[in-house]
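The block underneath contains the structure these notes are about, expressed in structure tokens.
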Amino acid sequence: MSRGALVSWTNTELERSFKEIAELLELDGADRFRVRAYERAAAAAAAAREDLGTVERERLTEVEGVGSSTAEKIIEWREHGSMSLLEDLRARVPSGVRELTGVPGLGPKLARRLHDELGVDSLDALRAAIDAGDVAALSGLGAKRAENLRAGLSRLGGKDADRHPIGDVLPLAERLVRELEELPSARAAAYAGSLRRLRETIGDLDVLVATHHPGDVRAAVPELGPVAEVVSGGDRKLHVRSRSIDIGIDIRFVPPDAWGAALCYFTGSKAHNVRVRERAVRRGLSLNEYGLWRDETRIAGSTEEEVYVALDLPWISPSLREDTGEVEAGDSGHLPDVVEPADLCGDLHGHSDWSGDGRASLDEMVAAAASRGWDYWAVTDHAIGLAINGLDTDGFARRREAIAELRPRAGIAILDAVELNIAVDGSVDFDDAELAGFDLCVAAIHTQMDRPRDVQTRRVLTAMANPHVHVIGHLTGRKIGRRPPIDLDVDAVVAEAVRTGTALEVNGSPARLDLSGELVRKAVEAGATLTISSDAHEPGELRNVETGVGTAQRGWARAADVLNCRDADGLRAFVDEKRTGRG
DNA sequence: GCCGTTTTCGGCCCGACTGTTTTCAGTCG
Ligand SMILES: Nc1nc2c(ncn2[C@H]2C[C@H](O)[C@@H](COP(=O)(O)OP(=O)(O)OP(=O)(O)O)O2)c(=O)[nH]1
Ligand SMILES: [Mg+2]
Ligand SMILES: [Mg+2]
Ligand SMILES: [Zn+2]
């Protein structure tokens, strides 16, 4: 885990402590609004742009969601490294009770009763109590409830508690949406939830269907390709399990005229929804998944924009809907005009079969890039330093001829570019004379990912000092859920990127999303220039720029922050400035 | 526990589904 991704270690610790307080208070039967206050304090600590470990006491309550009580606890944590409320709760709430709420359908109220009335303090004890008939015998419970809990317990054994990398879920979601759209009874279908917001990991897949005939859609769902089984559901929603990967899918049916309001609801996040709905309430309105209402009259709901505008807000991009200040920013007109896919003038990282892992010819890649209406496309085949059939000097000379031959009929400017490999000492594949022959050089780490922080940091800083290195590709090298980011002093890297005029890539490959939204935010705040890249190895992957744009949005990046939102002249000026050196 | 262009007290998002409580609380989205 790269600590550099965070605003501060203290903020993360505060988030954890407030979350735990909220959870334990709930198990302890506390007032639910008090619980929510601590949940919000946790979210506020996570979203804070300042280090709460050093902010002056008087200014702590300026943070939305931090009042006098929370501020005192922050001070207490600073001075003693602990919070007495949390210690008390840990002592009062038996440790085994917490894991009980992980069982589907078992919430804080029942967990508490199981412990107090049956002495259940673990999942094993719960299983035994169900087998003994003690659970069914509790007042207010019965045989059915006990059996549901048994089923929930058995599902807990699998991997379904885990979150899934977004790159694994996206293809499944697209297949499911396509099949739902093809049903005659469905007017429209779309995925929503954390996937639409482009979170890095997905807990479950949420799919919305617009239909006048939910019964017909529901009847067709068990036969859809991606669906393994229907687990539960009613007239308006279904819960199913996926076949390809072990993930839950929530499918929600709504009338077509409520599409916008329903998309708002199902896209979330929950905290964003609550924030927006509170805003509606303060205006004497009510927002639900069927529309925005004044008394019994619907005043908005067919499109998302209609809903936001009726609440005096600009439409907020799904990637921003995390309740990290976007509603307040929208209210005051300070929501950044975040980068959109249409702002892109080209793509600065992509491959052809000239080098080892490209899966399409240069002609095919260029044609696909041109068909997107871009001004330019950089072909960044790998160089010799990488053991996957990278090109040597002669190879690039031959590719240069092919590019020259293709240019007159390409319909798009082709940048003769390269993806260099950054060796452990920070050097790259070619010397300056050879590098000067390229229109653009992207450099990235592909090997020796487990070196210590100081080595990796120096490695990247050295590469950025090279006047021919214009972009650092996929800075951390992480593969979501599969390979951790390299250990790096991100603040130092970002500062040096600004100083040397080196761009930092937002690699849009769904397996990477690197920079992450979090790091984008950090880079943008420091004034760094970004690129948004597909890293396409075949034409179908050019659309990775869209996940890249969404990730940049999560970091509140504007088009002005993004190098490949500049026209060809602007791009050339950036490249030349790096080569000729600055101040 | 937080918060205020109604408010410093009294509200706090809103709905689907389940089970057994004959009228709704708990859980989840
Ligand atoms: N208004 C409101 N909406 C909610 C609430 N809980 C969930 N939602 C909405 C917003 C969520 O994004 C959406 C889907 O719920 P999920 O539990 O699947 O969450 P989400 O997809 O955001 O994250 P995930 O990756 O699945 O954990 O439903 C709630 O308490 N109130
Ligand atoms: Mg979800
Ligand atoms: Mg869900
Ligand atoms: Zn690449």
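This one's a predicted model, so the numbers in the text were calculated from it and none came from an experiment. Reminder, nothing fancy here: chain letters follow the sequence lines and each chain counts from 1.
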(request) With C1' as the reference atom in both, quote the distance from B:dT23 to B:dT18 in angstrom, rounded to an integer. (result) 15 Å
(message) Under a 3.5 Å threshold, yes or no: a donor from one side chain and an acceptor from the other, between A:D250 and A:H239?
(response) yes
(message) In this structure, how many angstroms lie between the P atom of B:dC28 and the CG atom of A:D206, rounded?
(response) 15 Å
(message) Tell me the interatomic distance from A:L89, atom CG, to B:dG1, atom P, rounded to whole angstroms.
(response) 11 Å
(message) Run the ring pair (Phe, Tyr, Trp, His ring centres under 6.0 Å) test against A:W77 and tell me which residues pass, sequence neighbours left out.
(response) A:W9
(request) Check whether the side chains of A:S8 and A:D51 place a donor and an acceptor atom closer than 3.5 Å, and report yes or no. (result) yes
(request) Remember a base hit wins even if backbone is also touched, and classify A:G193 as base, sugar-phosphate or nothing at under 4.0 Å, heavy atoms. (result) nothing
(request) Check the distance between B:dT27's P and A:K237's NZ and give it to me in whole angstrom. (result) 15 Å
(request) Could you tell me the separation between the CG atom of A:N148 and the P atom of B:dT27, rounded to a whole number of Å? (result) 13 Å
(request) Nearest whole angstrom, please: distance from the P of B:dC17 to the CD1 of A:I251. (result) 13 Å
(request) Answer yes or no: is there a side-chain heavy-atom contact under 4.5 Å between A:H272 and A:R197? (result) no
(message) How many whole angstroms separate atom CG of A:L110 from atom P of B:dT20?
(response) 12 Å
(request) Could you check whether A:V35 gets within reach of a base, just the sugar-phosphate, or nothing at all, counting any heavy atom under 4.0 Å? (result) nothing
(request) Indicate for each nucleotide in nucleotides 8-14 of chain B, in 5' to 3' sequence, whether protein heavy atoms under 4.0 Å reach the base (B), only the sugar-phosphate (S), or nothing (-). (result) ----BBB
(message) Taking any heavy-atom pair under 4.0 Å as a contact, classify A:V254: base, sugar-phosphate, or nothing.
(response) nothing
(message) Can you check the distance between B:dT27 and B:dT20, where both ends of the measurement are the C1' atom (answer in whole Å)?
(response) 16 Å
(request) Using a 4.0 Å heavy-atom cut-off across all strands, classify A:G140 as base, sugar-phosphate, or nothing. (result) base
(request) Spell out, as yes or no, whether a donor-acceptor pair under 3.5 Å connects the side chain of A:S317 to the backbone of A:L320. (result) no
(request) In whole angstrom, give the distance that lies between atom CG of A:L106 and atom P of B:dT18. (result) 17 Å
(request) Using heavy atoms to find the nearest nucleotide of DNA chain B for A:R282 and A:S69 separately, return the residue whose nucleotide is more 5′. (result) A:S69
(request) Identify the nucleotide, in any strand shown, that forms a Watson-Crick or G-U wobble pair with B:dC17, with both distances under 3.5 Å; if there is none, say none. (result) B:dG26
(request) Sticking with atom C1', work out how far B:dC3 lies from B:dT7, rounded to a whole angstrom. (result) 10 Å
(message) Using atom C1' in both nucleotides, what's the gap between B:dC13 and B:dT8 to the nearest angstrom?
(response) 23 Å
(message) Can you confirm whether A:E117 is buried at CD, in the sense that more than 12 heavy atoms of other residues, nucleotides or ligands lie under 6.0 Å from that atom?
(response) yes
(message) Do A:V327 and A:Y308 make a side-chain contact, defined as non-hydrogen atoms from C-beta onward lying under 4.5 Å apart?
(response) no
(request) Have a look at A:R275 and say if it touches a base, only the backbone sugar-phosphate, or nothing, with a 4.0 Å heavy-atom cut-off. (result) nothing
(message) Of the listed nucleotides (B:dC3, B:dT27, B:dG29), which one gets closest to any side-chain atom of A:D204?
(response) B:dG29
(request) May I ask you to say what A:T70 touches in the nucleic acid, namely base, sugar-phosphate or nothing, with a heavy-atom cut-off under 4.0 Å? (result) sugar-phosphate
(request) Kindly point out which of B:dA16, B:dC3, B:dT27 is positioned nearest to the side chain of A:E64? (result) B:dC3
(request) Describe the nucleic acid contact of A:G268 in one word from base, sugar-phosphate, nothing, applying a heavy-atom distance below 4.0 Å. (result) nothing
(request) Go through B:dT27, B:dG29, B:dG1 for me and flag the one nearest to the A:Y38 side chain. (result) B:dG1
(request) Assign each of A:A143 and A:P104 to its nearest nucleotide of DNA chain B by heavy atoms, then name whichever residue's nucleotide is nearer the 5' end. (result) A:A143
(request) Measure from the side chain of A:K109, starting at C-beta and using heavy atoms only, and say which of B:dC17, B:dG1, B:dG26 lies closest. (result) B:dG26
(request) Starting from P on B:dA16, measure out to CZ on A:R218 and report it in whole angstrom. (result) 14 Å
Output side-chain donor-acceptor pairs under 3.5 Å for residues 130-139 of chain A, partner residues at least two apart or in another chain, one line each.
residue : atom : partner : partner atom : Å
A:D131  : OD1  : A:R150  : NH1          : 2.5
A:S139  : OG   : A:R113  : NH2          : 3.3

(message) Would you measure the distance from the C1' atom in B:dG10 across to the matching atom in B:dT6 and give it in whole Å?
(response) 12 Å
(message) Work out how far the C1' atom of B:dT22 is from that of B:dG11, and round it to whole angstrom.
(response) 31 Å
(request) Measure the spacing between NZ of A:K237 and CD of A:E289 and express it to the nearest 0.5 Å. (result) 8.5 Å
